[in-house]
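Shown next, in structure tokens, is the structure this report addresses.
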Amino acid sequence: MTDTQAEQRKAEQKSVLNAVLGEIQSLNVKLSKTDKDKLDEYATNLRAVEDSLDNIGTGRVCEKPMRPEASEALNQERGVTPTTIVQKHTEVLVELMALAFTCDITRCITFMLGNGTSNNDYQFLIGSSTPHHGTSHHQENAGKLTSLTKIDTWEIQQIANLLGKLDASTDADGQTVLDNTTFYMSSDIADGNTHNHYDMPILMAGRAGGKLNVDGAHVNYTPALKFPRPLIGERSDVHTGRALVSVLQAHGIMQDTFGEATGGPLPELMNI
Amino acid sequence: MLNAKALKFSSLASLVAAGALLGVACTADVTGKAPGSGQNGSTGGSNSIAGGGAGPVGGSSDFASPPKVPGAPAVEGAGTLPLLRLTHREYSNTMAELLGDTTNPGATFEPDSPGVAGYQAPGTVATETARGYMTAAETLAATAITSKKLAIPCTAPADAAAEKTCVTSLVQDFGAKAYRRALVQGEIDDLVALFQKAKTLGFNFQDAVTHTVEAMLQSPNLLYHWEIADKPLVHDKDNAALVALTPDQLASRLSYFLWESPPDAALQMAAAAGQLATADGLKAQAVRLLADDTRARRALFNFHRQWLHVDNLEDLDPGTDLGLQLGQELENFVASVFVAGDGTLKSLLTAPYTFANASTAPEYGLTANGSGFTQVQLDPSQRLGVLMQVPFLRTNGIAPPVRRGLVVYKQLLCGDVPAPPPNVPKPEPDSPSTTTRERFSKHAEQECATGCHALFDPWGFAFENFDPLGHYRTQENGQTVDASGLAQLNGVVGGTTPKQVVVPFKNGLELVNALAASDEVSWCASRHWSRYMLGRLEGDADAGAMTNAYVSAAYQADRSTTRPFSVKDFLVSIVGTKAFRFRTPAAGETL
């Protein structure tokens, strides 16, 4: 489909939706409150679909994608030892997330790779069965540490893959989709071996349409701590909370605190 | 900002303990009855809700017991009709009838969930649903027009005037089927204007027609059941509060009720000819619709799979389509009972046969050839009726005594089940030395489980001759299976005075025979069919109609001699009642 055809199609879709909205309008006057609400809901969401036609990036035509090949494989794997299921799920979902933002199907995604005590098996990386939870209790065992490094590296690669896709897509305003996105990655725990909650790893990317300044820097908020880290250390939750306040403010929610964190956003993150 | 998107990606190793206990649970504050529980089960509990309108009729609107000693017909009322969207199954069937599409497009939407009445009743439309309708309409319209399954009534019109004539004709004819009524002039004008807009945007004639059809496929006139708010307004001569459905609305309501599909040409013609204006005219059409094996089986299957909790067939046996095949087995069976057969509840519950093909026959230890289903006799010393067929047994095969028992208690006896309290312990896991019944009996004895599991588990024990997969067994873990119990029923056919009757049963065969002979079960089945028809719980306003339809299906013409309850006759009768032909306008509706 050429760009001209895409524009023509978009105009046509809008006039079709408008015709449907017109029919709803004429039916609505007759209804009781409860029934009217039901129909209003359809109208509201048709308008949301109509609006989304305007917000679709120009870099690709947001037609419904083909069913991912991987999902067929996943179906076959149901009920079987899931040696590669994490890998395939993640690949498919990364693709889907990038597509969903590019096509403005949604404005918000949370993605959890594994739950708190996830035993996702990384056999596909390590070669033998390697459940994540047990591996993270490495107790300085060199083999487990090597495996954990491979797992962590693979996880970050998936993120890089996602961010790369967002960076390669053009949004409706001509910016990259990544530029118009806030990306926030963390874990529920800093070190799986010791269960500590200070010194939390946080990775941020995207510029929130220019409001955030997170590119390229590694900021250490607990510089006084030397390796090996002590079991109980300086509280970094203050900074974690302030990072989240920064995200809120970048999205126009002018809240100054989050959890126990006071002090407003982290100034080095803000571009406002 | 035009776009402000947020993405949170949480990963990495973590060791936070998190647990959730799952379990079927209960409270001690219950009323009800259970086989062998020794409780007085005089009140199965009424699920009635205020329906607005006529108030108690026919002596009592307590739905807990079957209507007693039929005398003169009850005074019929009619409740409100909520505006309902087509279920996704209805949507797919509608597309099949309108466009010859067999791709089941509704299956791609966010699944429907059960409404308050326990039967699918879609609520509001989410953005994704609206988008789904749009995308489906685009594909369906393009495919139908390209394949000529939806024929454009002209070829290469010479000029704009000829095009307009052609499109007007299509909009009128297709619209009458799609909207289940004749379009008014304003609607025709708007759709023709949409076609002309598409032409100005540069689309060729065929594509512009396609886009016009797209709009009709997304129209609220198609996507909702419009049994409300139409003119001219006709009031019931006996009760001015009731408004008559129009002939078109009656045709649509009737066909979606009995076919889960839009009206065919014959039904639309009957409506236009005024034949639906009388109860007898409607009933004659109901008889005709129920005899249409290809379409009546849709609704019959749809009702029974929900009524008997034959759920999640798609996921029953991952990686295979066995679940769907079992669904077809059930569909064939209910069609054989209610389309071709005598239509009685007794046949549904006790017929000694089912249908099988090459995939499903081994589930019964039988063999069959090919993918087509043929009728097979089952060993009547092992299996009788729908509750002893694999589709029911297997879809209720997880914690089988609980799930199978719940269907008997809640769906066949209309018993109340209290909401589960938190923290109910799970039954003990499988072990090689105990039977399922022992494990679940122990579970039911635990303090918090006695209030409810005692209500329904014992019914489920009757099916212990079937393992979770629905295969017949007499032994479990080296012990002889005990499927006996006491059924406490509310009177039986043949008696006109309701009484508590305790029926001991040795096994499931004896239980299903007792259920089939119980007027309490017949009445409960008619309540469930009423909910299915109304799209809501039955209320006071419906009681008179339900009573009359029940009596006509459970008694001979003399209205005092009982006969085996005919579901088919109930369906035909209820269609002729005021609860089907009229409605009470909702508060705030502009008439």
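A, B, ... follow the sequence lines: proteins, then strands. Residue 1 opens every chain.
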> Who pairs with A/L21 by side-chain contact (heavy atoms from CB on, under 4.5 Å), at least two apart in sequence or on another chain?
Replying inline: A/N18, A/A43, A/L46, A/R47, A/E50

> Can you list the residues that meet the ring pair (Phe, Tyr, Trp, His ring centres under 6.0 Å) rule with A/H138, with sequence neighbours excluded?
Replying inline: none

A side-chain contact here means heavy atoms from C-beta on lying under 4.5 Å apart; do [X] and [Y] qualify?
X	Y	value
A/V20	B/Y133	no
B/Q218	A/L17	yes
B/Y224	A/L27	no
A/Y42	B/L223	yes

What part of [X] gets within 4.5 angstrom of chain B, counting heavy atoms only: side chain, backbone, both, or neither?
X	result
A/S15	both
A/A19	side chain
A/L203	neither

> Which pair of non-hydrogen atoms, one from A/N45 and one from B/T127, has the smallest distance, and what is that distance?
Replying inline: OD1-OG1, 2.5 Å

> A/V16 and B/E214: which non-hydrogen atoms are nearest, and at how many Å?
Replying inline: CG2-OE1, 3.9 Å

Hey, what do you get for [atom1] ([X]) to [atom2] ([Y]), rounding to the nearest 0.5 Å?
X	Y	atom1	atom2	answer
A/Q13	B/H211	CD	NE2	8.5 Å
A/E23	B/L222	CD	CG	9.5 Å
A/R9	B/D207	CZ	CG	8.5 Å
B/L83	A/K36	CG	NZ	12.5 Å

>> Only pairs of heavy atoms separated by less than 4.5 Å count here; which of B/A130, B/P220, B/G202 has the most with chain A?
In response: B/P220

>> If we define contacts as heavy-atom pairs under 4.5 Å, which of B/M216, B/E128, B/E187, B/E138 has the most with chain A?
In response: B/E138

Heavy-atom contact with chain A under 4.5 Å, split by part of [X]:
X	value
B/F195	neither
B/A198	both
B/A193	neither

